[in-house]
Enquirer: 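Input: one structure, supplied below.
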Amino acid sequence: MPVGVLALQGDFEKHRQMLQQIEVESVPVRYPQDLDDCSGLIIPGGESTTLTKQMKYAGIREPLLEFAADKPVFGTCAGLIMMADTVDDSRVEPLGLLALSVLRNGWGRQVHSSTERIPLSFSDEVPFRAIFIRAPVITDTGTSVTVLAHYRNQPVLVTDGRHLACTFHPELGDDFRIHEYFKRLMNV
Ligand code: GLN
């Protein structure tokens, strides 16, 4: 079964290109029924306030919660914000898929976007070049959450064993390790 990439807003095409390079078939997800044939779902970066509205218009919020009860979801940047259970901005209605508290734009505004080298706990190779773009800060994690990478002592890549989320953009660049980690979570 292919992996779904939520295609309501944001840089979903970059995720699809990266999945293609690691030989994982993907489909864009815009309507609830698009989830039916998916083995997992990626929620890409973008703008979490806009994603909140668009998920409602598309009627995909409830179907997505049901999907996530037994299938893996991978959220990047705004996608991580949507997966959290607490967000500092009341315009965002997160899905509560991971026990995370999140501060939007916590590292600063656009000018503070940056590329950082972060070691991955599951890889002995060189650190990952993580691209942060108006990234959220994870301010708290529940006991169900394992941290797979830190930046400045803050968690930036986390899993609960089913779902995966990061505050940066692993779909930019040519390092496939984080998408491959998600591939293993989906068993595809
Ligand atoms: N700052 C955006 C938000 O709050 C996230 C930015 C991104 O996804 N690159 O939703």
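Note that ligands are numbered from 1 as they come in the structure, with each ligand's atoms numbered from 1 the same way.
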Enquirer: Would A78 count as a polar contact of ligand 1, with the cut-off being nitrogen or oxygen pairs under 3.5 Å?
Expert: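 Yes, there is a polar N/O contact under 3.5 Å.
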
Enquirer: Tell me the protein heavy atom at minimum distance from atom 2 (C) of ligand 1, and give that distance in Å.
Expert: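 Result for atom 2 (C) of ligand 1: E47 OE2, 3.4 Å.
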
Enquirer: Considering only non-hydrogen protein atoms, determine which one is nearest to atom 7 (C) of ligand 1 and report residue, atom name and distance to 0.1 Å.
Expert: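 Its nearest protein heavy-atom neighbour is C77 SG, 2.9 Å.
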
Enquirer: Does T76, backbone or side chain, put an N or O under 3.5 Å from an N or O of ligand 1?
Expert: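 For ligand 1, there is no N or O atom that lies under 3.5 Å from one belonging to T76.
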
Enquirer: Y151 and ring pair (Phe, Tyr, Trp, His ring centres under 6.0 Å): which partner among F168, F128, W107?
Expert: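 By the ring pair (Phe, Tyr, Trp, His ring centres under 6.0 Å) criterion, Y151 pairs with just one of F168, F128, W107: W107.
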
Enquirer: Pull out every atom of ligand 1 sitting under 4.0 Å from any heavy atom of G45, numbered as shown with elements.
Expert: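 Going through ligand 1 atom by atom, the ones under 4.0 Å from G45 are 8 (O).
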
Enquirer: Do the non-hydrogen side-chain atoms of T76 and H15 ever get within less than 4.5 Å of each other?
Expert: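 The answer is yes, as the side chains (C-beta and beyond) meet within the 4.5 Å cut-off.
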
Enquirer: I need the nearest protein heavy-atom contact for atom 4 (O) of ligand 1: residue, atom name and distance, please.
Expert: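 Among all protein heavy atoms, the one nearest atom 4 (O) of ligand 1 is R104 NE, 2.6 Å.
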
Enquirer: Which of the atoms in ligand 1, numbered in the order shown and given with their element, are less than 4.0 Å from a heavy-atom of I81?
Expert: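 Answer for ligand 1: 3 (C), 4 (O), 10 (O).
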
Enquirer: Checking a contact table here: which protein heavy atom is nearest atom 9 (N) of ligand 1, and how many Å away?
Expert: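 Scanning the protein heavy atoms, the shortest distance from atom 9 (N) of ligand 1 goes to H169 NE2, 2.8 Å.
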
Enquirer: Quick one: which of G46, P136, S113 has a heavy atom closest to atom 5 (C) of ligand 1?
Expert: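 It is G46 that holds the nearest heavy atom.
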
Enquirer: Relative to the heavy atoms of N105, which atoms of ligand 1 are at a distance of less than 4.0 Å?
Expert: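 Numbered from 1, ligand 1 contributes 1 (N).
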
Enquirer: Apply salt bridge (Lys or Arg N to Asp or Glu O under 4.0 Å) to residues E93 and K56 and explain how you reach the verdict.
Expert: CA-CA 10 Å; E93 293 172 36; K56 282 190 194 165; 2.7 Å; yes

Enquirer: Looking at R129, I'd like to know if its CZ atom is crowded, meaning that more than 12 non-hydrogen atoms belonging to other residues, nucleotides or ligands lie closer than 6.0 Å.
Expert: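 Counting neighbours around CZ of R129, 12 or fewer heavy atoms of other residues, nucleotides or ligands fall under 6.0 Å, so no.
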
Enquirer: Give me the ring orientation class for H179 and F74: parallel if the planes are under 30° apart, tilted from 30 to 60°, perpendicular past 60°.
Expert: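 Ring orientation, 0 to 90° scale: perpendicular.
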
Enquirer: Show me which atoms of ligand 1 lie under 4.0 Å from any heavy atom of S48.
Expert: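 Listed by number with element, the hits are 3 (C), 4 (O), 10 (O).
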
Enquirer: Does the K183 side chain pair with the main chain of I22, one donor and one acceptor, at a distance under 3.5 Å?
Expert: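 Pair found, side chain donor or acceptor close to backbone of I22.
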
Enquirer: Do other residues, nucleotides or ligands put more than 12 heavy atoms under 6.0 Å from Y31 OH?
Expert: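 Atom OH in Y31 is not crowded, with 12 or fewer foreign heavy atoms closer than 6.0 Å.
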
Enquirer: Can you see whether S26 engages R16 through a side-chain donor-acceptor pair at a distance of less than 3.5 angstrom?
Expert: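 Looking only at side-chain atoms, R16 and S26 do form a donor-acceptor pair, the distance falling under 3.5 Å.
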
